[in-house]
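Whatever order the structure lists ligands and atoms in, that order sets their numbers, starting from 1. Note that the coordinates shown come from a computational prediction; the quantities given were computed from them, not determined experimentally. Values below: every heavy atom of this structure, side chains too, minus hydrogens, waters and symmetry copies.
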Amino acid sequence: GAASAAPRPDPEPQPVLSPLTTAAIFLVVTVDPGGEDTVRDLLEDLPGLTRAVGFGSPDGALSCVAGVGSDAWDRLFAAPRPAGLHPFRALDGPRHRAPATPGDLLFHLRAGRLDLCFGLAAEIMTRLRTAVTVRDEVQGFTYQDVRDLLGFVDGTENPVGAAARAAVLIGEEDPAHAGGSYVIVQKYLHDLDAWNALPVEAQERIIGRTKSGNVERDDEGSHVTLNTITGPDGAERQILRDNMPFGSPGRGEFGTYFIGYARTPEVTEEMLRNMFLGVPPTSHDPILDFSTALTGTLFYVPPAGFLDDLPPLPAAATAPAAAAPAADPSPAEDREPDGSLGIGGLN
Ligand code: HEM
């Protein structure tokens with residue numbers, strides 16, 4: 001009919017494309033057995049909670065992106081799986097390893113003021129405390145002139161505008177999830193003593209840009225070269241990074257929280273293979289000799305409208321009486337293979 005022939009408006013994404021901010025919190029949790037209902041309620045309320053915390057401070061530009069991990073998708077939503085959603089693939093390189101670590105939900109909070117990120121993270125955890133296990137929480141900050149703790153300006157070659165949208169947002173290739181995105185996070189710790197012992201020229205060769213002027217150099221095997229990749233058509237394949245320094249000088253902890261959004265995780269995964277497995281004649285990205293990946297998780301980021309109107313809870317997670325009215329509800333038979341009751345809504 002005429003209605004179905006009309007072009008559909010592009011689904012509004014979550015604020016994945018929001019501009020660089022000076023503060024961020026990265027919160028990764030797993031959903032406890034039976035916590036599904038509580039998590040769904042929070043996800044539906046997330047845009048409202050973000051407005052409640054941030055609206056009074058418009059200059060703070062508070063935003064929150066929620067991502068869902070592969071295992072959690074089937075527990076939370078009776079809906080087709082996003083085509084690219086799978087557990088993060090660990091990599092074992094000749095020298096360095098990218099581990100895969102647990103994560104059912106990612107909250108990527110950004111603002112011009114840490115107190116806004118903090119306030120929203122506190123609200124989220126008040127709601128989720130009884131339903132999740134926190135796996136990682138990192139407070140990131142902008143350091144000097146948008147430099148990482150290695151001292152290099154980080155984020156320069158990020159795509160902007162239409163190129164950023166094309167790099168990050170799912171389109172016709174997966175119509176049921178158009179407007180969504182994928183995000184990979186990795187928490188890295190740096191060996192700053194070893195790094196700072198290098199002459200600046202050696203550091204620049206490793207990164208592939210100059211340190212003070214941030215000008216691109218042409219170094220084979222540099223971090224920049226290994227992460228400049230092209231598709232079969234020769235066009236550059238890009239991701240959108242929002243890395244943040246974090247750390248604790250008192251504990252001697254200096255890190256980079258890597259976060260990369262992409263329309264398909266394949267692009268980020270190819271970059272990671274280049275870094276950890278190498279591209280001959282480079283055996284691995286030399287940045288890894290000074291940076292250790294402690295975490296690695298992949299999430300799907302649904303479009304904004306998904307949160308307003310979640311798909312139903314899967315039958316396995318609804319009350320047995322409602323899911324199978326004819327069955328004998330003996331406790332033993334109702335147990336999931338993992339021994340849990342596999343039901344939500346106990347609270
Ligand atoms: C570029 C730092 C991890 C992908 C850069 C640059 C710096 C940097 C300083 C040059 C300026 C820029 O364009 O941003 C770091 C640090 C990391 C890290 C400190 C963690 C220890 C990663 C990872 C990936 C990645 C894990 C991908 C999976 C890229 C890409 C570029 C880049 C795509 C731009 C290349 C270009 O087109 O010029 N990174 N990075 N980085 N990095 Fe990283």
Side-chain angles (χ1 to χ4, degrees), residues 20 26 88-91 93 96-101 138 140-160 163-164 167-168 182-192 194-196 198 200 203-231 235-247 253-279 284-299:
L20 192 74
F26 307 91
F88 179 82
R89 292 173 181 146
L91 292 170
H96 302 292
R97 184 177 151 71
T101 52
V138 170
F141 57 90
T142 303
Y143 179 63
Q144 297 180 346
D145 340 294
V146 197
R147 290 176 188 272
D148 53 42
L149 296 178
L150 302 177
F152 284 76
V153 178
D154 189 355
T156 311
E157 293 299 330
N158 262 332
V160 295
V168 160
Y182 296 92
V183 62
I184 285 179
V185 297
Q186 284 183 303
K187 174 170 147 175
Y188 285 91
L189 280 188
H190 301 301
D191 180 350
L192 272 200
W195 178 256
N196 289 330
L198 292 179
V200 169
Q203 297 178 349
E204 293 180 336
R205 224 168 24 235
I206 289 171
I207 300 293
R209 298 184 80 95
T210 63
K211 196 171 185 181
S212 74
N214 187 29
V215 180
E216 202 166 348
R217 299 164 38 119
D218 201 13
D219 300 292
E220 193 179 359
S222 72
H223 177 66
V224 161
T225 306
L226 288 172
N227 282 298
T228 305
I229 62 173
T230 50
E236 197 170 333
R237 304 189 85 188
Q238 294 187 295
I239 64 173
L240 186 67
R241 293 166 289 134
D242 199 18
N243 295 0
M244 282 289 208
F246 69 89
E253 184 183 286
F254 300 92
T256 296
Y257 199 90
F258 166 81
I259 178 162
Y261 288 95
R263 177 176 187 158
T264 158
E266 283 168 28
V267 180
T268 320
E269 286 166 349
E270 183 176 341
M271 293 173 177
L272 287 170
R273 284 196 301 273
N274 289 358
M275 286 178 66
F276 284 85
L277 309 182
V279 178
H284 62 269
D285 187 330
I287 207 174
L288 297 177
D289 297 334
F290 305 88
S291 315
T292 304
L294 300 183
T295 69
T297 318
L298 164 64
F299 302 91

Which pair of non-hydrogen atoms, one from [X] and one from [Y], has the smallest distance, and what is that distance?
X      : Y      : result
Ala163 : Gln238 : CB-OE1, 4.5 Å
Gly151 : Lys211 : O-CG, 3.7 Å
Arg237 : Gly231 : CG-N, 3.5 Å
Phe258 : Ile184 : CE2-O, 3.7 Å

Do any heavy atoms of [X] fall under 4.0 Å from ligand 1?
X      : result
Glu236 : yes
His190 : yes
Gly155 : yes

How does [X] reach ligand 1, if at all, at less than 4.0 Å between non-hydrogen atoms: by side chain, backbone, both, or neither?
X      : value
Ile287 : side chain
Asn227 : both
Asp154 : both
Gln186 : side chain

Closest approach of any protein heavy atom to [atom], naming residue and atom:
atom                    : result
atom 10 (C) of ligand 1 : Arg209 CD, 3.4 Å
atom 32 (C) of ligand 1 : Arg241 NH1, 3.1 Å
atom 40 (N) of ligand 1 : His223 NE2, 2.9 Å
atom 20 (C) of ligand 1 : Tyr188 CD1, 3.7 Å
atom 13 (O) of ligand 1 : Glu157 N, 2.9 Å

Using a strict cut-off of 4.0 Å, indicate which atoms of ligand 1 neighbour a heavy atom of [X].
X      : answer
Ser291 : 21 (C)
Thr228 : 35 (C), 36 (C), 37 (O)
Phe152 : 9 (C)
Leu272 : 26 (C), 28 (C)
Thr268 : 28 (C)

Beyond-backbone contact of [X] with [Y], side-chain heavy atoms, under 4.5 angstrom:
X      : Y      : answer
Arg217 : Val224 : no
Leu150 : Gln203 : no
Leu298 : Glu269 : yes

Check: Which is closest to atom 28 (C) of ligand 1 in terms of heavy atoms, Tyr257, Phe290, Phe258?
Finding: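 Ranked by closest heavy atom to atom 28 (C) of ligand 1, first place is Phe258.
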Check: Can you find a side-chain donor-acceptor pair between Thr156 and Asn214 that sits under 3.5 Å?
Finding: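 Checked: Thr156/Asn214 side chains pair up, N/O donor to acceptor below 3.5 Å.
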Note to self: Tell me which one of Phe299, Tyr257, Phe141, Phe246 satisfies ring-ring contact (aromatic ring centres under 6.0 Å, His included) with Phe26.
What the structure shows: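 Filter result, single survivor: Tyr257.
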Note to self: Over 60° means perpendicular and under 30° means parallel, so tell me whether Tyr188 and Phe276 are parallel, tilted or perpendicular.
What the structure shows: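 Plane angle under 30°, so parallel.
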Margin query: What's the separation between atom CD in Gln186 and atom CD1 in Ile259, rounded to the nearest 0.5 Å?
Written below: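 Spacing of CD (Gln186) from CD1 (Ile259) equals 11.5 Å.
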